[in-house]
Amino acid sequence: MSENKFVMITGSTSGIGFELAKLFAQDKYDVAMSGSSEKIYESAKEIEKLGVEAYPLQADASTYEGVEDFWKFVEGKNRKLDAAVLNVGVSLGGSFIDNDLEEELKLIDINISGTVHTAKRVVNHMVPNGEGNILIVSSLSATLPTPYETVYGPSKAFGFMFAEALREELKDTGVNVTAMLPGATNTDFHHNAGMDSTYFGDDSIKNEKEQVAKQGYEALMNGLDHVICGDEETKQQAEENKKTPEPVKAANHAKKAKPQE
């Protein structure tokens, strides 16, 4: 049996999730990893090069069965779970009137239902142990209305407030909950959301995923309630969002997220 600590990370095939997996591995955590494609097995091999065990599983995070399968996979390792990263999340660009309802409901299943489902299993495991770290990946979008990502932003606002509420409930149990709110990051996230023709299709305006992951990881290890991840401009934007009226923020985001014809 490995003497390393043990972490599970959803959505860890690439992007922020994979960068977080590397950071945990560098601190000698064995890593259980889930992703929606077969590439998760290649990603796990990269993590193992850092000298730890990696346990990959391809799972559909949009279904109850997919979420449950990954949890049973983690539980089947018969190890104490020291940390959990709830990182699965998708967006959907375009106007609400035009977007497919099934895709929007799938987004809710992944970003909201999947987060609650996974958190339930993790909390019920960690609290009896009297310790553990939970990182819930939200978004800077949680701090403003997001026209042309009309379902995504509210789903991430749910994640942020869910993390803050859960943190308060668990404060005397030894289990820490931290919310991570990245700004736009140089991953495939916006491309997968069909937003290449928007402001967010320009990678030059995005934060580096390595920096974003490091900030989230350090916040978790320091027991912070939440962290805005990105450069100084991103952090300043979060501060401005606290005092800017919602209609103004909505109009600003619409200019950036509306598809260009």
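Since the model is a prediction, treat every value here as computed from it, not as a measurement.
- At least one donor-acceptor pair closer than 3.5 Å links the side chain of Thr187 to the backbone N or O of Phe189.
- For the atom pair His226 NE2 and Leu181 CG, the distance stands at 6.5 Å (nearest 0.5 Å).
- Met161 and Val116 sit in two unconnected hydrophobic clusters of ILVMFWY residues. Membership requires side-chain heavy atoms under 4.5 Å apart, directly or through other members.
- In terms of heavy-atom proximity, Ala163 sits nearest to Ile136 at CB-CD1, 3.8 Å.
- When all heavy atoms of Pro128 and Asn124 are compared, the pair lying nearest together is CD-O, 3.2 Å.
- The shortest non-hydrogen separation linking Val122 to Ala84 is CG1-CB, 3.8 Å.
- Residues Leu224 and Leu220 do not share a hydrophobic cluster, defined by chaining ILVMFWY side chains whose heavy atoms lie under 4.5 Å apart.
- Between Ile16 and Pro182 there is a side-chain heavy-atom pair separated by less than 4.5 Å.
- A salt bridge does not link Lys5 to Asp27: none of the charged side-chain nitrogens sits closer than 4.0 Å to a carboxylate oxygen.
- When only modelled atom types and interatomic distance are considered, Ser12 and Asn87 share no side-chain donor-acceptor pair under 3.5 Å.
- Salt-bridge formation is detected for the pair Glu168/Lys171: a Lys NZ or Arg NE/NH1/NH2 atom is positioned less than 4.0 Å from an Asp or Glu carboxylate oxygen.
- Here the CG-CD1 distance, from Asn176 to Ile134, works out to 8.0 Å after rounding to the nearest 0.5 Å.
- When side chains are defined from C-beta on, Asn186 does not count as touching Asn207, because their heavy atoms never get closer than 4.5 Å.
- Across Ser91 and Glu149, no two heavy atoms sit closer than the pair OG-OE2, 2.8 Å.
- Remark: Lys39 does not engage Glu42 in a salt bridge, criterion side-chain N to carboxylate O under 4.0 Å.
- Side-chain atoms of Arg167 come within 3.5 Å of backbone N or O of Val177 as a donor-acceptor pair.
- No continuous path of ILVMFWY side-chain contacts below 4.5 Å connects Leu140 to Val85, so the two sit in separate hydrophobic clusters.
- Relative to the six-membered ring of Phe160, Lys156 misses at least one condition, a distance below 6.0 Å or an angle of at most 45° to the axis.
- Put simply, the side chain of Thr198 gets close to the backbone of Met195: a donor and an acceptor are under 3.5 Å apart.
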Full working for side-chain hydrogen bond (donor to acceptor under 3.5 Å, both in side chains) between Asn241 and Thr244: CA-CA 5 Å; Asn241 285 348; Thr244 303; 5.1 Å; no

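- Taking CG of Asn4 as the start and CG of Asp30 as the end, the distance is 4.5 Å to the nearest 0.5 Å.
- Between Met33 atom CE and Thr13 atom OG1 the span is 6.5 Å, to the nearest 0.5 Å.
- Using a 4.5 Å cut-off on side-chain heavy atoms (C-beta onward), Val151 and Ile108 make contact.
- The residues Glu46 and Lys22 are annotated as not salt-bridged, no charged nitrogen and carboxylate oxygen being separated by less than 4.0 angstrom.
- Separating the CD1 atom in Ile110 from the CG atom in Leu105 is a distance of 11.5 Å, to the nearest 0.5 Å.
- Using a distance-only test at 3.5 Å, with no hydrogens or angles considered, a donor-acceptor pair links the side chain of Gln215 to the main chain of Gly230.
- There is a side-chain donor-acceptor pair under 3.5 Å between Asp98 and Ser95.
- Counted by atom type alone, Asn99 and Glu103 present zero donor-acceptor pairs between their side chains at under 3.5 Å.
- Aromatic ring centres of Tyr217 and Phe24: separated by under 6.0 Å.
- Between Arg121 and Glu68 the shortest side-chain heavy-atom distance falls below 4.5 Å.
- The existence of a salt bridge linking Lys235 and Glu232 is excluded, since no basic side-chain nitrogen approaches an acidic carboxylate oxygen closer than 4.0 Å.
- In this model, no donor atom of one side chain and acceptor atom of the other lie less than 3.5 Å apart for Glu75 and His125.
- Separation of the Phe200 and Tyr148 ring centroids does not fall under the 6.0 Å cut-off.
- Two residues are said to be in side-chain contact when any heavy atoms from C-beta on lie closer than 4.5 Å; Glu240 and Gln236 meet this criterion.
- Between Lys214 and Glu218, the closest side-chain pair of non-hydrogen atoms falls below 4.5 Å.
- At a threshold of 4.5 Å between non-hydrogen side-chain atoms, the residues Leu135 and Leu86 do not count as touching.
- Note on Val74 and Tyr64: separate hydrophobic clusters, where clusters join Ile, Leu, Val, Met, Phe, Trp and Tyr whose side-chain heavy atoms are under 4.5 Å apart, directly or indirectly.
- Remark: Glu102 does not engage Lys106 in a salt bridge, criterion side-chain N to carboxylate O under 4.0 Å.
- Remark: the backbone N or O of Ala238 is not paired with any side-chain donor or acceptor of Thr143 at under 3.5 angstrom.
- Using a 4.5 Å heavy-atom cutoff, the side chains of Phe6 and Glu53 are not in contact.
- Side chain of Thr185 to main chain of Gly183: a donor-acceptor pair is present (N/O by atom type, distance under 3.5 Å, no hydrogens or angles).
- The line from CE of Met221 to CG of Leu23 is 9.0 Å long, rounded to the nearest 0.5 Å.
- Here the closest heavy-atom approach between residue Cys229 and residue Gly216 is recorded as SG-N, 3.7 Å.
- Between Lys80 and Glu131 there is a salt bridge, since a side-chain N of the basic residue sits under 4.0 Å from a carboxylate O of the acidic one.
- Residues Phe162 and Met8 share a hydrophobic cluster, clusters being chains of Ile/Leu/Val/Met/Phe/Trp/Tyr side chains in contact below 4.5 Å.
- Between Thr146 and the choices Lys249, Lys256, His253, the side-chain contact (heavy atoms from CB on, under 4.5 Å) rule is met once, by His253.
- Distance alone, capped at 3.5 Å, places no donor-acceptor pair between the Thr118 side chain and the Thr115 backbone.
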Between Val175 and Val123, does the side chain to side chain contact (heavy atoms under 4.5 Å, CB included) criterion hold? Intermediate values first, please. CA-CA 8 Å; Val175 178; Val123 168; 5.7 Å; no

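- Environment of NZ in Lys77: crowded, with over 12 heavy atoms of neighbouring residues, nucleotides or ligands closer than 6.0 Å.
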Would you check, one step at a time, whether the test side-chain hydrogen bond (donor to acceptor under 3.5 Å, both in side chains) holds for Asp109 with Thr63? CA-CA 7 Å; Asp109 285 338; Thr63 67; over 6 Å; no

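- The minimum heavy-atom distance between Leu57 and Asp69, with the atom names listed, is CD2-O, 3.8 Å.
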